[in-house]
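Worksheet: one structure, shown below.
Both ligands and their constituent atoms are indexed starting at 1 by order of listing.
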Amino acid sequence: MNFLALTLFPELFGPFWETGIVGRAVENGIIRGWAIDIRDFAGGRHRVVDDRPYGGGCGMVMQPGPLDKALAEAKSRLPGAAIVLLTPRGRPFSQQMAEVLAGTARDLILICGRYEGIDQRVIDRHVELEISIGDYVLTGGELAAMVVMDAVTRLLPGALGNQASAASDSFSQELLEHAQYTRPSNWQGEEVPQVLLSGHHRQIETWRKSHALATTLLKRPDLLRKRNLDRQEIRLLEDWRLEIERILDAQPLRGLDPSPGGG
Ligand code: 6GU
């Protein structure tokens, strides 16, 4: 799969292509990535790419001309690529979108906006999909483009050493991951949960599922509400409820709670 970023700051992408799992995917020929400098397609001695917005207002708008020329170059290098614009006005990026993009394996041309935005006419002419990575404002789309490429790359066959780890991640199954521990088993007096050292694979799986459910309940109850819980998951959550009730029953709430058993 090929990625081509159109940007005013191509130097931001160098370390991204060279590092970690993405770097290894490049080395193994699973992906290739380039960045094209939009300013190379601007005319004039000063290579200006932006101008003031029609109708007034603050900030500058990226002109259609240089971006259109950069896109022509990008399309000639990657015919058939999907053209994506990174913008806070886009569709919220999700694991599901990453899976669709990785699944079609179509090349991506990623337009990284800067300034207050991009002339709408060049968007209307070329852009197939607008993506936002969340409800906050960045100074430009470069980091968002890297977020999208990173999330897609790790889903491509062979990108992760262990293909199972992509499927059991947070969000693929709409549960947060259980906590992880590694050596030493006693670190500054803090012990690793005993069951993880026991070698009982079924018990370990149950512990992990139970803790994934509890973490999700506490941190992201919205994910738990969306999920179709199976019988085991319901039982594990009921076990947590019993545990909470035991703790609460052991608390003296004298004088606050007139109900039987409350004191
Ligand atoms: Cl894709 N671009 C910018 N500039 N800000 C953002 C964003 C994108 N996604 C969230 N905030």
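- In Ala144, the part holding a heavy atom less than 4.0 Å from any atom of ligand 1 is the side chain.
- The aromatic rings of His178 and Trp207 sit perpendicular, their planes meeting at an angle over 60°, well past the 30° parallel limit.
- Checking Ile133, Leu86, Ile111 against atom 9 (N) of ligand 1, the nearest heavy atom belongs to Ile133.
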Evaluate the criterion side-chain contact (heavy atoms from CB on, under 4.5 Å) for residue pair Leu175 and Leu223; output intermediate values, then yes/no. CA-CA 7 Å; Leu175 281 185; Leu223 296 179; over 6 Å; no

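- Here is the list of ligand 1 atoms found below 4.0 Å of a heavy atom in Ile131: 1 (Cl).
- The shortest contact between atom 1 (Cl) of ligand 1 and any protein heavy atom is with Thr87 N, 3.0 Å.
- Taking a cutoff of 4.0 Å between a charged side-chain nitrogen and a carboxylate oxygen, Arg24 and Glu27 do not qualify as a salt bridge.
- In this structure, CG in Asp222 is found 9.5 Å from OG1 in Thr216, a value given to the nearest 0.5 Å.
- The distance from atom CG of Asp119 to atom CG of Asp68, rounded to the nearest 0.5 Å, is 10.5 Å.
- Between Glu205 and Lys209, none of the side-chain N atoms (NZ, or NE/NH1/NH2) sits under 4.0 Å from a carboxylate O, so this pair counts as no salt bridge.
- For atom 10 (C) of ligand 1, the nearest protein heavy atom (residue, atom name, distance) is Gly134 O, 3.0 Å.
- The protein atom (non-hydrogen) at minimum distance from atom 7 (C) of ligand 1 is Pro88 N, 3.9 Å.
- Not a single heavy atom of Gly90 sits closer than 4.0 Å to an atom of ligand 1.
- Here the CG-CD distance, from Leu224 to Glu174, works out to 10.5 Å after rounding to the nearest 0.5 Å.
- Inclusion of Tyr136 in the set of residues having an N or O under 3.5 Å from an N or O of ligand 1 is warranted.
- Protein heavy atom closest to atom 4 (N) of ligand 1, with residue, atom name and distance, is Leu138 O, 3.2 Å.
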